[in-house]
2 protein chains.
Amino acid sequence: MSSIIVNMTLSVVSVTVDLVLLTIREGKLQVLLIRRGIPPFEGAWALPGGFVLPGEDLGDAAARELSEETGVRPAHLEQLGTYGSPERDPRGRVITVAYLALLPDLPAPVAGTDAADASWRPVPFTGLAFDHDRILADGVERARSKLEYTPLATAFCPPSFTIAELRAVYETVWRTRLDPRNFHRKVTGAAGFVETTGESVIRDRGRPAQLFRRGSATLLHPALLRPGLGSAQGGRSATDC
Amino acid sequence: MSSIIVNMTLSVVSVTVDLVLLTIREGKLQVLLIRRGIPPFEGAWALPGGFVLPGEDLGDAAARELSEETGVRPAHLEQLGTYGSPERDPRGRVITVAYLALLPDLPAPVAGTDAADASWRPVPFTGLAFDHDRILADGVERARSKLEYTPLATAFCPPSFTIAELRAVYETVWRTRLDPRNFHRKVTGAAGFVETTGESVIRDRGRPAQLFRRGSATLLHPALLRPGLGSAQGGRSATDC
DNA sequence: CCAAAAGTGTTTGCCGTACACCCATGC
DNA sequence: GCATGGGTGTACGGCAAACACTTTTGG
């Protein structure tokens, strides 16, 4: 292990990236957690993450960790915020840049992990190591608010999906019921949200549903507003001073 | 100057905070810039900022820099994003956590600055040092979108202000014209946006205008939507991967 | 046929825009 | 009085919630 000498007047810190990986499994919003095998917080659950390598960009580090943990290429990986309280890590000065990704229910759950053990846990979940409770809460709130004005809900779905399945995503993340008829019209009416594949399937009983894939839009026109909140966004990621 | 020895397997970097300080002067949106007196980028304009001190929280570092540059306590200081490309600073690995603050037109412009020279410059402004062009653009876009769903526009105003002055803030930042009658009703109708002081003033000609101060709301119900954009938010701060 | 889920048509009410109108001042 | 800016009332239009209704499947 090589070492370097650094001038102390610069604020020398270690930098990690931590991931808030959300998915929907068994009808519940869940987050990928790792059980720590080494101190500090040995035995506690934590968000997956790791140190940024020398010469590595922050977003690249996040994508690398995501790939290591899940084996998937990210459909969407978004910087959530940076957490740098001096006391957040007992080992010393470590700041972490948190990233958020929304994933479909993975067929091979948590492939290729090198951590002690990893598993999906329903949110809310508390008692995490470091300040990860806060980071997780910020990530969930960000996801909730992003569903309103971006087509990101499709990131929770497999490549093709029905409108009812997309509605289930919204109902799960927002913890509300939505009118199936109006939802259908809003989604198919919002430019670039979804594209029809021409195929249809019978999921349970009833009339076959058309299958759709993600559209090309990055912003929703018009937005899907959460019921009961007026037009509030809410999702300020607690990085305010 | 003391030194410490750090294990090379940890990603050891220096951390700075940079500030996007916006105000409205002479009817234009302006940003506080510093002319660099030392390399790298000697002589170039840059955002104000500096290294995070050992043991100092990120938000505290941003507040300290703000105080050093302007002498004001921040009404609102918000984390904008973290920029960590390996090539962004020729001195080595330096990542920066950018903060955004909105300030009223300061009576004593840039008091107590220790930098070479500092001045307010209209945005857009390009040719900044490091990756500050990008950070500035992200900050401006964030400010634009935050005016829609938060009462932050009042941060650009002095302690008491008229509705017309608040409207001028929106018109300047959004670069649009707004209907004075409807704007008045929306602002006074949004719970907690502004409170009347009971006083009134004559600014130019015409009927005296009531004076207001900031209300206690942190979120606008209902939001003030920008004309011509549907219900888009737009303000994703380019921290997406 | 009945139940259940997909999808469409229609009504109703709210809210935002546009704009007519009144108020209060300086000149 | 007239111009100018502050502030209120009101009609119109568009969108979204609510829900009746049709379609298409499995039992």
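Please read these numbers as outputs of a predicted model, since none were measured by experiment. All chains are named by letter (A, B, ...) in the order of the sequence lines, taking the proteins before the strands, and each is independently numbered beginning at 1.
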Quiz prompt | Interface limits on DNA chain C, where chain A has a heavy atom under 4.0 Å of a nucleotide atom | solution = C:dA4 to C:dT10
Quiz item: At how many degrees, to 10°, do the end axes of the helix from C:dC1-D:dG27 to C:dC27-D:dG1 meet when each uses five pairs?
Solution: 10°
Quiz item: Under the ring pair (Phe, Tyr, Trp, His ring centres under 6.0 Å) test, which residues partner B:F161, sequence neighbours left out?
Solution: none
Exercise. Indicate the atoms forming the closest heavy-atom contact of A:D133 with A:T126, along with that distance.
Key: OD1-CA, 3.4 Å
Quiz item: Taking for each residue the nucleotide of DNA chain D bearing the nearest heavy atom, is the 5' side occupied by A:R207 or by B:A164?
Solution: B:A164
Quiz item: How far apart are the closest heavy atoms of B:A153 and B:L166, and which atoms are they?
Solution: CB-CD1, 3.8 Å
Practice problem: Answer yes or no: is there a side-chain heavy-atom contact under 4.5 Å between A:L147 and A:L224? | Solution: no
Quiz item: If each of A:I163 and B:D179 is mapped to the nucleotide of DNA chain C with the nearest heavy atom, which maps nearer the 5' terminus, i.e. the 5' end?
Solution: A:I163
Practice problem: Go along nucleotides 9-14 of chain D 5' to 3' and tag each nucleotide: B for a protein heavy atom under 4.0 Å from its base, S when only backbone or sugar atoms are that close, - otherwise. | Solution: BB----
Quiz item: Just how far, in rounded Å, is P of D:dA17 from CG of A:L224?
Solution: 9 Å
Exercise. List the atom of B:R144, the atom of B:W174, and the distance in Å for their closest heavy-atom pair.
Key: O-NE1, 3.0 Å
Quiz item: What pair of heavy atoms forms the shortest contact from B:I163 to B:V187, and how long is it?
Solution: CD1-CG1, 3.9 Å
Quiz item: Just to confirm, is there a sub-4.0 Å distance from OP1 or OP2 of D:dG7 to any side-chain nitrogen or oxygen of B:Q210?
Solution: yes
Self-check item: Proximity to DNA chain C (any heavy atom under 4.0 Å), residues of residues 189-202 of chain A only
Solution: none
Practice problem: On the 0 to 90° scale, with breaks at 30° and 60°, tag the B:H132-B:F130 ring pair as parallel, tilted or perpendicular. | Solution: tilted
Quiz item: Do B:D138 and B:Y83 have side-chain N/O donor and acceptor atoms under 3.5 Å apart?
Solution: yes
Exercise. Answer yes or no: is there a side-chain heavy-atom contact under 4.5 Å between A:R226 and A:T176?
Key: no
Self-check item: Heavy-atom check, side chain of A:L100 versus side chain of A:K146, under 4.5 Å
Solution: no
Quiz item: Which atom pair, heavy atoms only, marks the closest approach of A:A223 to A:E148?
Solution: CB-O, 3.3 Å
Practice problem: Kindly say if B:R205 contacts the phosphate of D:dG5, meaning a side-chain N or O under 4.0 Å from OP1 or OP2. | Solution: yes
Exercise. Provide the closest heavy-atom pair for A:L21 versus A:W120 in the form atom of the first, atom of the second, distance.
Key: O-CZ3, 3.3 Å
Quiz item: In whole angstroms, how far is the P atom of D:dA17 from the CZ atom of A:F183?
Solution: 12 Å
Could you list the donor-acceptor pairs under 3.5 angstrom formed between side-chain atoms of residues 190-197 of chain A and any protein atom two or more places apart in sequence or on another chain?
residue : atom : partner : partner atom : Å
A:E195  : OE1  : A:R213  : NE           : 3.1
A:T196  : OG1  : A:G198  : N            : 3.2
A:T196  : OG1  : A:Q210  : NE2          : 3.4
A:T197  : OG1  : A:E199  : N            : 3.2
A:T197  : OG1  : A:L211  : O            : 3.0

